[in-house]
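Encoded as structure tokens, the structure appears first; notes follow it.
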Amino acid sequence: MERVLITSAIPYINGIKHLGNLVGSQLPADLFARYNRGRGREVLFLCATDEHGTPAELAAAKAGMDVAEYCAKMHAVQAEIAQGFRLSFDHFGRSSSPQNHRLTQHFAGRLADAGLIAEVSERQVYSNADRRFLPDRYIEGTCPNCGYDKARGDQCENCTKQLDPTDLIEPRSAISGSTDLEVRETKHLYLRQSSMRDQLNAWIDSKADWPILTTSIAKKWLNDGDGLQDRGITRDLDWGIPVKKGTEDWPGMEGKVFYVWFDAPIEYIACAAEWVDAGKGDDWERWWRTDKGADDVRYVQFMGKDNVPFHTLSFPATILGSGEPWKLVDYIKSFNYLNYDGGQFSTSQGRGVFMDQALSILPSDYWRWWLLSHAPETSDSEFTWENFQAGVNKDLADVLGNFVSRITKFCRSKFGEVIPEAGAYGPQEAQVMAELQTRLEAYQAHMEAIEIRKAAAELRAIWVAGNEYLQSAAPWTVHKEDPDRAAAITRFSLNLIPFYALLSAPFIPDAAQAMLDAMGCADNTWPEDVAEGLSRLPAGQGFAVPDVLFAKISDEDRATWQAQFAGVRG
RNA sequence: GGGCCCGUAGCUCAGCGGUUAGAGCUGACCGCUCAUAACGGUUAGGUCGCAGGUUCGAAUCCUGCCGGGCCUACCA
């Protein structure tokens with residue numbers, strides 16, 4: 001059986017993500033996972049929370065909690081919301097897991113043995129008041145270039161000049177505001193990716209089918225200026241994976257942890273081990289080790305464009321540098337950003353709709369459909385309440401939901417809640433089946449290519465075909481003269497419901513299930529062939545007219561939400 | 001500063017060297033009455049950001065400009 005390994009960029013532990021984050025990785029990854037499962041392939045779909053780094057420590061402190069406690073709590077929160085959106089992870093792991101500790105330390109040991117780790121002594125800013133080293137962005141001061149007084153240590157937001165923290169006039173900690181800063185000598189490990197430049201270049205060059213968005217970013221980092229730079233992979237923090245060389249201590253690195261961007265991608269692998277240890281699977285290496293069966297696995301990663309360098313360069317450098325036969329990614333699907341009503345979604349300003357809020361006002365299918373059918377694939381796209389309302393009402397309520405409603409209610413009134421058996425299919429049905437076969441193949445092709453908006457448009461056209469057929473066959477008129485023919489039309493139309501449900505399940509899993517349940521259809525195998533797919537409901541089988549699948553969004557609701565989410569998150 | 005992406009109907013987007021530039025939504029008109037006033041059909045609407053160039057032929061390739069966005073390596 002074909003096997004597909006799918007990972008979504010792992011969301012940071014710090015707070016609840018907004019819809020832009022969702023549509024940039026987890027949601028499309030879930031669509032692809034569900035589609036592949038639907039096609040009968042063996043799928044391992046993994047995601048996790050990314051729990052290390054300075055922001056996690058600060059967020060925990062702000063919440064008055066221990067970091068580990070805070071992360072455990074936020075992991076549970078994110079897991080519940082993911083479930084609310086029906087994200088079908090086989091496992092939702094944690095980068096702080098013991099499995100990831102072991103694996104990260106293992107990789108570091110292998111890289112050191114391969115001569116790919118350098119120990120570098122450097123000078124960094126230390127805040128006595130905060131009792132921590134400060135990353136460049138956590139140092140504020142006056143810009144020497146333009147005089148802006150809230151310039152950060154890496155760059156001035158006002159004049160965009162690149163800065164070094166030591167350039168700042170009157171530097172202070174962005175955490176506490178303290179000016180009691182000093183420069184201290186500290187030793188760190190660097191991954192010598194520069195020595196792997198040719199190897200990485202050759203690997204990227206072999207990926208001719210990757211989107212330009214993905215390869216151009218990687219090529220720039222590889223070849224711009226002096227080429228790929230070595231990268232620090234350790235930090236002076238309390239919370240993280242202790243620096244070790246495999247299982248042994250690393251002399252001189254006591255008290256230091258690996259940098260979050262070193263351990264986070266390794267969690268993709270460790271998550272599979274967590275999956276096994278949680279009793280959900282029995283062999284993770286056949287997904288990840290090419291010497292243990294992973295050779296025939298297709299590995300697809302989903303992420304926002306900001307994550308591309310880490311997935312095209314530093315993570316592959318880690319894997320290739322280990323000298324071990326780990327699975328490398330086969331395809332990277334990256335996304336642009338979703339904007340909110342004329343500006344950006346903003347976590348810090350609470351601008352836009354966050355995942356928990358979205359679920360509190362509407363079922364997940366509404367969001368899944370709109371977000372996926374407007375996924376920012378080629379450029380940034382924009383969420384507006386007007387577009388959302390119009391799209392959801394038209395596509396889900398009028399086209400799909402109303403189709404199910406009109407045919408089930410028609411059948412109930414003329415033949416009862418049972419699949420009618422009289423009459424035979426004729427040229428009209430043959431014509432619709434031919435059209436549906438063509439559209440089904442186009443839909444599948446778009447899904448295979450992970451062209452999400454095109455797949456959504458094709459699916460919608462498949463729904464529309466049902467209304468076109470019903471309108472031209474007009475069983476309500478035919479019934480007066482030829483009840484048997486009307487019965488055949490009705491039987492055919494009712495059979496479209498489970499067919500639609502199976503094709504639509506990757507986008508709108510809950511509604512799809514409701515459709516199958518209402519029709520009493522237990523067969524959920526993918527309808528490869530339209531004629532077969534439209535014969536799943538045998539004549540004489542009972543069904544129930546389902547509740548309204550998608551209630552429309554009223555103008556009042558829209559106006560209310562528009563106002564509610566315009567300001568700052570409460 | 002450098003790099004990359006985008007700019008096509010009122011809106012969201014497709015097309016990316018070859019007949020009169022397409023789809024969905026919105027608008028207008030017609031039809032239907034089974035249905036969540038839903039559905040179907042017809043139709044209106046664009047000098048394809050601007051200016052040059054290459055070509056028998058350009059929305060599509062090249063150059064410059066204008067506008068929007070992202071990245072630029074210690075945020076993750």
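Note on naming: letters A, B, ... go to the chains in the order of the sequence lines (proteins, then strands), and numbering restarts at 1 for each one.
Contact of Glu382(A) with rC11(B) (side chain to base): no donor-acceptor pair of N or O atoms is detected under 3.5 Å. With hydrogens and angles ignored, a donor-acceptor pair closer than 3.5 Å exists between the side chain of Gln124(A) and the base of rC74(B). In terms of polar N and O atoms assigned as donor or acceptor, the side chain of Asn402(A) comes within less than 3.5 Å of the base of rA35(B) in a complementary pairing.
Put simply, CG on Asp50(A) is 9 Å from P on rA76(B), counting in whole angstrom units. Distance CD (Glu57(A)) to C1' (rA76(B)): 13 Å, rounded to an integer number of Å. The distance from atom CH2 of Trp476(A) to atom C1' of rA35(B) is 9 Å, rounded to the nearest whole Å. Atom-to-atom, CG of Asp306(A) to C1' of rC70(B) comes out at 9 Å; the value is rounded to the nearest Å. For the pair Ile497(A) CD1 and rA35(B) P, the interatomic distance rounds to 14 Å; values are reported in whole Å. Following rounding to the nearest Å, Asp230(A) (CG) and rC74(B) (P) show an atom-to-atom distance of 11 Å. The nearest whole Å value for the distance from the CG atom in Asp395(A) to the C1' atom in rU26(B) is 13 Å.
Ion pair Lys552(A)/Asp557(A) not flagged as a salt bridge, since none of the NZ, NE, NH1 or NH2 atoms sits closer than 4.0 Å to an Asp/Glu carboxylate oxygen.
A donor-acceptor contact under 3.5 angstrom links the side chains of Glu429(A) and Tyr469(A), judged on distance only. Under the 3.5 Å distance criterion, with hydrogens and angles disregarded, no donor-acceptor pair is assigned to the side chains of Thr312(A) and Lys207(A).
A gap of 5 Å separates the C1' atoms of rG46(B) and rA9(B), to the nearest Å. With both ends at atom C1', the span from rA51(B) to rG7(B) equals 16 Å, rounded to whole Å. Nucleotides rG40(B) and rA23(B) place their P atoms 15 Å apart, quoted to the nearest Å. rA58(B) sits 15 Å from rU63(B) when the C1' atoms are compared, rounded to a whole Å. When the C1' atom is used for both rC48(B) and rA73(B), the distance is 38 Å, rounded to whole Å. Comparing rU60(B) with rA14(B), their C1' atoms are spaced 13 Å from each other, to the whole Å. The C1' atoms of rU20(B) and rU12(B) are separated by 26 Å, rounded to the nearest whole Å. The same atom, P, is picked in rC62(B) and in rU47(B); the two are 25 Å apart, to the nearest Å.
Here Lys219(A) lies out of heavy-atom contact (under 4.0 Å) with every strand. In this structure, Ser381(A) reaches the sugar-phosphate backbone alone: every heavy-atom distance under 4.0 Å involves primed, P, OP1 or OP2 atoms, never a base. Using a 4.0 Å heavy-atom criterion, one finds that Lys409(A) contacts the sugar-phosphate atoms exclusively. Within 4.0 Å (heavy atoms only), Val464(A) reaches sugar-phosphate atoms of the nucleic acid but no base atom. Using a 4.0 Å heavy-atom cutoff across all strands shown, Phe133(A) reaches no nucleic acid atom at all. Lys552(A) comes within 4.0 angstrom of a base, heavy atoms only. At the heavy-atom level, Ser472(A) lies nowhere under 4.0 Å from the strands shown.
Remark: rU33(B) base-pairs with no nucleotide; criterion is Watson-Crick or G-U wobble with both hydrogen-bond distances under 3.5 Å.
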